[in-house]
Undergrad: 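This is the structure I want to talk about, given as structure tokens.
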Amino acid sequence: MTILFALGMLVFQIILAAILPQFQQELPKILEQLKFVQYILAALLGTDPEVPITTVAFSAMPWAHPFVLALAWAHAILYCSRVPAGEIDRGTIDVVLAFPVSRWAVYLSETTVWLASGAIIVATGVIGHFLGGIWLENDHPMAFDELLAVNVNLLGVYFAVGGVARLFSSISNRRGRAAGAAFAVVLASFIVNTLATFNETIGHFSFLGILTYYRPLSIIGRGAWPMGDLAVLIGVGATLWLAGGIIFAHRDLRTV
């Protein structure tokens, strides 16, 4: 699963490197005619929808594209719903817990592999970005420190989404139910961020949206690490992850 997601991220970043420069002159004209798309793009980039698309914004698009976000979120949800919900659902939880290790050891090992897998997927996207830039001789490549900051921020989003899935997995007996609940929470968060660009009242609740803490355009424009956003994402992810671990360690588990 990780290899497939990594290949998807690699290929898509290379494709974006090939396509985006061709749209750099035409996209602003298209967005003038499609205001709805312009507002959605502003929500993804974390910018004012009335601000014209600039070269800096084009640099941020490969990391704010819905497909890139969907890959990261889907992998986090699918992997983090494996234990215990997936094992209970398959009827193999008794085998897993029969090993001479504690439940916390199982939980920590699953977490280690999950985070390593996420890092591989994000790193593969970075490689694809560089490969696309080299092959196409991009005249405006993103600086490495900016690219690193954006992708560490993306990892923070990945961790927070995984924390949500971990919690639902720990309280559920069905993997589909756990993954569906996590997906619903992430989707609702995404909708809040999108609608906040249309409605000022909803904008007051934008702090509940995950994209509030992931703004590639702001990182590239300021050239500074998003320490505040990272603190929120890691704090939320760690809290939910810990809650999931406590429930998993003390819950009565049996094959259903």
Undergrad: A side-chain contact here means heavy atoms from C-beta on lying under 4.5 Å apart; do Leu115 and Phe159 qualify?
TA: yes

Undergrad: Using the six-membered ring of Tyr107, assess whether NZ or CZ of Arg166 lies under 6.0 Å from its centre and within 45 degrees of the ring axis.
TA: yes

Undergrad: Measure the CG-OG distance between Leu167 and Ser81 for me, rounded to the nearest 0.5 Å.
TA: 13.0 Å

Undergrad: For Thr197 and Ile202, what are the C-alpha separation, side-chain angles and deciding distance, and is it a side chain to side chain contact (heavy atoms under 4.5 Å, CB included)?
TA: CA-CA 8 Å; Thr197 61; Ile202 299 178; over 6 Å; no

Undergrad: First locate atom CZ of Arg175, then atom OG of Ser169, and finally report the distance between them rounded to the nearest 0.5 Å.
TA: 8.5 Å

Undergrad: Run Val157 and Tyr213 through side chain to side chain contact (heavy atoms under 4.5 Å, CB included) and show every step you take.
TA: CA-CA 8 Å; Val157 173; Tyr213 310 100; over 6 Å; no

Undergrad: If you group Ile, Leu, Val, Met, Phe, Trp and Tyr by side-chain heavy-atom gaps below 4.5 Å, do Phe190 and Phe67 land in one group?
TA: yes

Undergrad: Leu253 versus Phe248: any side-chain heavy-atom pair under 4.5 Å?
TA: yes

Undergrad: With a distance cut-off below 6.0 Å to the six-membered ring centre and an angular limit of 45° from the axis, does Arg82 pair with Tyr79 as a cation-pi contact?
TA: yes

Undergrad: Quick one: are Tyr158 and Val122 in side-chain contact, heavy atoms under 4.5 Å?
TA: no

Undergrad: Taking all non-hydrogen atoms of both residues into account, name the closest pair between Ser172 and Arg177 and its distance.
TA: OG-CB, 3.8 Å

Undergrad: Say whether, by atom type as modelled, one donor and one acceptor occur between the side chain of Thr92 and the main chain of Val95 under 3.5 angstrom.
TA: no

Undergrad: Identify the two heavy atoms, one from Gln13 and one from Val68, that lie closest to each other, and give their separation to 0.1 Å.
TA: NE2-CG2, 3.6 Å

Undergrad: What do you reckon, is CZ of Phe205 surrounded by more than 12 foreign heavy atoms closer than 6.0 Å?
TA: no

Undergrad: Have a look at Ile219 and tell me which of Asp229, Asp145, Asn153 forms a side-chain contact (heavy atoms from CB on, under 4.5 Å) with it.
TA: Asn153

Undergrad: Side-chain contact test, heavy atoms from C-beta onward, threshold under 4.5 Å: evaluate it for Leu71 versus Ile121 and give yes or no.
TA: no

Undergrad: Do you reckon Val113 sits in the same ILVMFWY cluster as Leu155, going by side-chain contacts under 4.5 Å, direct or chained?
TA: yes

Undergrad: Verify side chain to side chain contact (heavy atoms under 4.5 Å, CB included) between Ile77 and Phe168, making sure each step is shown before the conclusion.
TA: CA-CA 10 Å; Ile77 291 173; Phe168 282 118; over 6 Å; no

Undergrad: At their closest point, which heavy atom of Ile14 faces which heavy atom of Gly128, and how far apart are they?
TA: CG1-O, 3.5 Å

Undergrad: Ignoring hydrogens, what is the shortest heavy-atom contact between Trp63 and Leu69? Give both atom names and the distance.
TA: O-CD2, 4.2 Å

Undergrad: Take Asn193 and Ser206, measure what side-chain hydrogen bond (donor to acceptor under 3.5 Å, both in side chains) needs, and give me the verdict at the end.
TA: CA-CA 6 Å; Asn193 280 123; Ser206 62; 5.6 Å; no

Undergrad: Before accepting this row, confirm whether a basic side-chain N of the pair Arg174/Asp89 lies closer than 4.0 Å to the acidic partner's carboxylate O.
TA: yes

Undergrad: Which heavy atom of Thr201 sits nearest a heavy atom of Asn199, and at what distance?
TA: N-OD1, 2.8 Å

Undergrad: Can you tell me if Ile3 has over 12 outside heavy atoms packed within less than 6.0 Å of its CD1?
TA: no

Undergrad: How many angstroms lie between CG in Leu154 and CE in Met9, if you round to the nearest 0.5 Å?
TA: 6.0 Å

Undergrad: How many angstroms lie between atom CD1 of Ile234 and atom OG1 of Thr239, to the nearest 0.5 angstrom?
TA: 11.5 Å

Undergrad: Please report whether the ring centroid of His75 lies less than 6.0 Å from that of Trp114.
TA: no

Undergrad: Tell me, do Trp104 and Ile246 make a side-chain contact under 4.5 Å, heavy atoms counted?
TA: yes

Undergrad: In the structure I gave you, are the side-chain heavy atoms of Leu233 and Ile210 within less than 4.5 Å of one another anywhere?
TA: yes

Undergrad: Identify whether Leu78 and Val96 are in the same connected component of the hydrophobic contact network (ILVMFWY, side-chain heavy atoms under 4.5 Å).
TA: yes

Undergrad: When you compare the side chain of Trp225 with that of Leu148, does any pair of heavy atoms fall below 4.5 Å?
TA: yes

Undergrad: Quick one: closest heavy-atom pair of Val126 and Leu147, and the distance?
TA: CG1-CD2, 3.6 Å

Undergrad: Got a second to check how far Met1's CE is from Leu4's CG, nearest 0.5 Å?
TA: 9.0 Å

Undergrad: Find out if a path of hydrophobic residues (ILVMFWY) with successive side-chain heavy-atom gaps under 4.5 Å connects Val192 to Phe183.
TA: no

Undergrad: Would one find more than 12 heavy atoms of other residues, nucleotides or ligands at under 6.0 Å from atom CZ of Phe5?
TA: yes

Undergrad: Report yes if the side chains of Val185 and Ser189 come closer than 4.5 Å at any heavy-atom pair, otherwise no.
TA: no

Undergrad: Measure the spacing between NE2 of His129 and OG1 of Thr124 and express it to the nearest 0.5 Å.
TA: 14.5 Å

